[in-house]
Every structure is written in C-alpha cells, then in structure tokens.
Amino acid sequence: MDTRQGFPELLQVVLDCTDARGLAEFYRELLGLQYRPGHEPPAAGEPDPAGSDWLVLQDPSGTTRVAFQQVAALPRATWPEGPIPQQLHLDLMVPTAQDLEAQHERALVLGARLLQDRFDDPEEPLRVYADTAGHPFCIFVGGSPADGPT
C-alpha cells in the first residue's frame, strides 16, 4: 500500500456492463486472472447473486486488478467512428510481435472484435479490440508499462 500522505491509492479499474459474469470471464481468460474469494462462478444451475451485481478479478498475488459492475443498460462505444466515444480503455502489453500475434488469436477466440490493426507499425505495433461488452482495449508491443500507445 502507498504510504505517501495526501494521495489516494488506485485500487482497481471498474467496467460497467450489462453482463458482469460474461465480461469478467472474458478478462479472466484473456489476462490469466482469478476471482476474488466469494466471486467465483456458482455451480451450473445455481443462482449467481455476485454475477448480477459486482465482480472483482485479482492477479495470483491477490492484488485487485479489475472489477465489473452490472448496469441495466449501457450504450456500446462506436469508437473509432460514430457518436459514442470509448470513454475509457485498457492498455495491455506484450514483449514481442510474436506474442502480439498469439494474443490476437486468443482475444478473437474469447469473443473480442478487432477495431484497428497497426501490427505493421514499425514504431508501435498494436491492435485495438472491443471486448464482449464493447469496451475498447489495446494490446501493444512495448518495453515497460509506461510505454503505452500515444
């Protein structure tokens, strides 16, 4: 925990969605995360009260990474064109172009939709996708987390 006085600590990014369980499963599989204890999917045919409200994913060390909040309705972003901007997106990074190719296939199999392909960009190879709820996210080749797309 950040002990600097006067500054809040970023806990997590929260994505609103109309299918919290479905979107949590998408990112759990894409990022290799796990549910916070008590947020795991119920057995088949059992009610899913957490999945109809709020779900949290953590990394293997238990650090919270992303959460999903169920909402009744949410207009899909139309980015890069159209009247509804992306409003927020996630930047995901891989070390090599070969890894970007592998993650491209994984993302599509999981239900992502390709929005923009800059794989051949010599300075910043990346691809932009929409997740299963329509939220844009990028996967790019980079050297450090601060090297996000411009």
Leu92 and Leu31, any side-chain heavy atoms less than 4.5 Å apart: yes
Modelled atom types, side-chain donor and acceptor of Asp53 and Gln70, under 3.5 Å: no
His104-Glu101 side chain donor-acceptor pair, cut-off 3.5 Å: no
Option from Leu114, Val141, Leu108 for which side chain to side chain contact (heavy atoms under 4.5 Å, CB included) with Arg127 holds: Leu114
Short side-chain donor-acceptor distance under 3.5 Å, Gln103 and Tyr129: no
Any donor-acceptor pair under 3.5 Å from His135 side chain to Asp16 backbone: yes
Rounded distance (nearest 0.5 Å) linking atom CE of Met93 with atom CG of Leu126: 13.0 Å
Donor-acceptor contact present, side-chain Arg65 to main-chain Val56, <3.5 Å: no
Closest approach of Arg118 to Glu124 (non-hydrogen atoms, all atoms of both residues): NH2-OE1, 2.8 Å
Shortest non-hydrogen separation from Gln58 to Tyr35 and the atoms involved: OE1-O, 4.2 Å
Gap separating the OG1 atom of Thr132 from the CG atom of Leu23, nearest 0.5 angstrom: 4.5 Å
Enclosure of Arg113 CZ (heavy-atom neighbours >12, cutoff 6.0 Å): no
Heavy-atom donor-acceptor pair, Gln98 side chain to Thr96 backbone, under 3.5 Å: no
From CG (Asp19) to CZ (Phe68), nearest 0.5 Å: 11.0 Å
